[in-house]
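Below: one structure, written as structure tokens.
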Amino acid sequence: MTRHARNCTAGAVYTYHEKKKDAAASGYGTNTQRVGKDSVKDFDCCCLMLQPCRNPVITKHGYLFDKEAILEYFLAKKKEYARKLKEYEKQKQQGKEQTAKEELKKLQNYLSSGQDITSSLNGSNTKDKGSVSNMTNGRDKVLPSFWIPSKTPEAKEAFLQKPDSTIYCPVSGNPLKMKDLIPVKFTEVKDPDDKRSLIVKQARYMCPITHDILGNSIPCAVIKTSGDIVTMECVDKLIKKDWINPLDNSKLKPSDIIPLQRGGTGYASVNDSLEGKHERPVLQA
């Protein structure tokens, strides 16, 4: 009887533990590791630049942008729309001209149809159907790359659709307008003993009501009327009692509280399972 242990070398069965140990040692299998905090942007960073915001604004869905970056995004999208609209109008105009030419050609064929019928009955003329090759009648110079599918005579033109003038949020994909951007105010941590620059500090901002340090691990919200960023704990325990802003005693509504979307680059997102997997060849028994 063989010895019962995890490393049962005398047994005839290749155990799960042995397979996992050999896979880790040989470089085969799947590596799974938790993604570090360097892969997740800070809560006060722009969703486009991934750098701390100098003039932060937030959308109604809670995504933070630097005002300069989002304005450049708006201008780029408007230029792209103008270019696509120009191409669409050009194609539309060419389609009208092509339709007019086809109508004129049909009329000419109709007027000459009587002579064609007479000549075919007399047998004096035989109409050439033409060649199907795309290299005849001088087309070899027009179509040098005749093996490309888009250059063949049977290829159809790609028709452009009318472009959409709506600008969408680069993160959420929802329609975005300039008037929907809300200015945001961060409350800096006042520490007279810390002489370092603001960008190198770990604790840069705090809640203006409770003075709690803000970070990726703390859910935050933006007060729409004033633009201040507070913790969700402050919202639940203080603001939701009377719906009054403790900073200026103004009345608030539930729609005035915008949860701040934290973290999330294209590689990892916050509040999800932050795991990175590297697939490798599988070691089989």
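Since the model is a prediction, treat every value here as computed from it, not as a measurement. Heads up: numbering here begins at 1 and tracks the sequence.
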Run the side-chain contact (heavy atoms from CB on, under 4.5 Å) test on Lys251 and Ile244 for me, step by step, so that the C-alpha distance in whole Å, both residues' side-chain angles and the decisive distance to 0.1 Å come before the verdict.
CA-CA 5 Å; Lys251 295 290 293 183; Ile244 295 178; 4.2 Å; yes
Verdict with reasoning, Val57 to Val184, per side-chain contact (heavy atoms from CB on, under 4.5 Å)
CA-CA 5 Å; Val57 292; Val184 173; 5.7 Å; no
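A heavy-atom distance below 4.5 Å is found between the side chains of Ile209 and Pro246. For the pair Asn174/Tyr168, no side-chain contact is recorded, criterion being any heavy-atom separation below 4.5 Å from C-beta on. Side-chain contact check for Val171 versus Leu48: every heavy-atom pair is 4.5 Å or farther apart. Within the 4.5 Å cutoff, the side chain of Lys90 has heavy atoms near those of the Gln94 side chain. Leu71 has its side chain within reach of Met178: a pair of non-hydrogen atoms, C-beta onward, lies under 4.5 Å apart. Residues Arg83 and Glu80 form a side-chain contact, since some pair of their non-hydrogen atoms from C-beta on lies under 4.5 Å apart. Side-chain contact between Phe65 and Cys53 is absent, with no heavy-atom pair separated by less than 4.5 Å. A 4.5 Å side-chain heavy-atom check between Gln93 and Glu97 finds at least one atom pair inside the cut-off.
To the nearest 0.5 Å, the span separating CG on Leu181 from OH on Tyr63 amounts to 14.5 Å. Here the OH atom belonging to Tyr81 is positioned 10.5 Å from the CD1 atom belonging to Ile167, to the nearest 0.5 angstrom. Here Gln161 contributes atom CD and Gln91 contributes atom CD; the two are 8.5 Å apart, rounded to the nearest 0.5 Å. Put simply, CD1 on Ile229 and CD1 on Ile58 are 6.5 Å apart, with the number rounded to the nearest 0.5 Å. Remark: Asp242 CG to Leu252 CG distance equals 10.5 Å, nearest 0.5 Å. The structure places CG of Leu260 at 9.0 Å from CG of Leu214, a figure rounded to the nearest 0.5 Å.
Cluster annotation: Leu238 and Ile223 are assigned to the same hydrophobic cluster (Ile/Leu/Val/Met/Phe/Trp/Tyr, side-chain heavy-atom contacts under 4.5 Å, transitive). Residues Leu64 and Phe43 share a hydrophobic cluster, clusters being chains of Ile/Leu/Val/Met/Phe/Trp/Tyr side chains in contact below 4.5 Å. Residues Leu247 and Ile257 fall within the same hydrophobic cluster, defined by Ile, Leu, Val, Met, Phe, Trp and Tyr side chains chained together at heavy-atom separations under 4.5 Å.
Judged by distance alone, with hydrogens and angles left aside, the side-chain atoms of Asp180 form no donor-acceptor pair with the main-chain N or O of Leu176 at under 3.5 Å. Side-chain atoms of Asn55 do not come within 3.5 Å of backbone N or O of Asp66 as any donor-acceptor pair.
Across every non-hydrogen atom of Lys185 and Ser226, the tightest pair is CE-O, 3.1 Å. Closest non-hydrogen pair, Cys45 versus Leu50, comes out as CB-C, 4.0 Å. Closest approach of Lys224 and Ser255 over heavy atoms only: CD-O, 4.1 Å. Between Cys46 and Met49, the shortest heavy-atom distance links the atoms SG-N, 3.5 Å. Of all heavy-atom pairs spanning Cys169 and Tyr73, the tightest one is C-OH, 4.3 Å. Among all heavy-atom pairs drawn from Asp44 and Phe186, the shortest one is CB-CZ, 3.8 Å.
Within a 6.0 Å radius of NZ in Lys253, no more than 12 heavy atoms belonging to other residues, nucleotides or ligands are found. In the displayed structure, Arg54 atom CZ is contacted under 6.0 Å by at most 12 heavy atoms of other residues, nucleotides or ligands.
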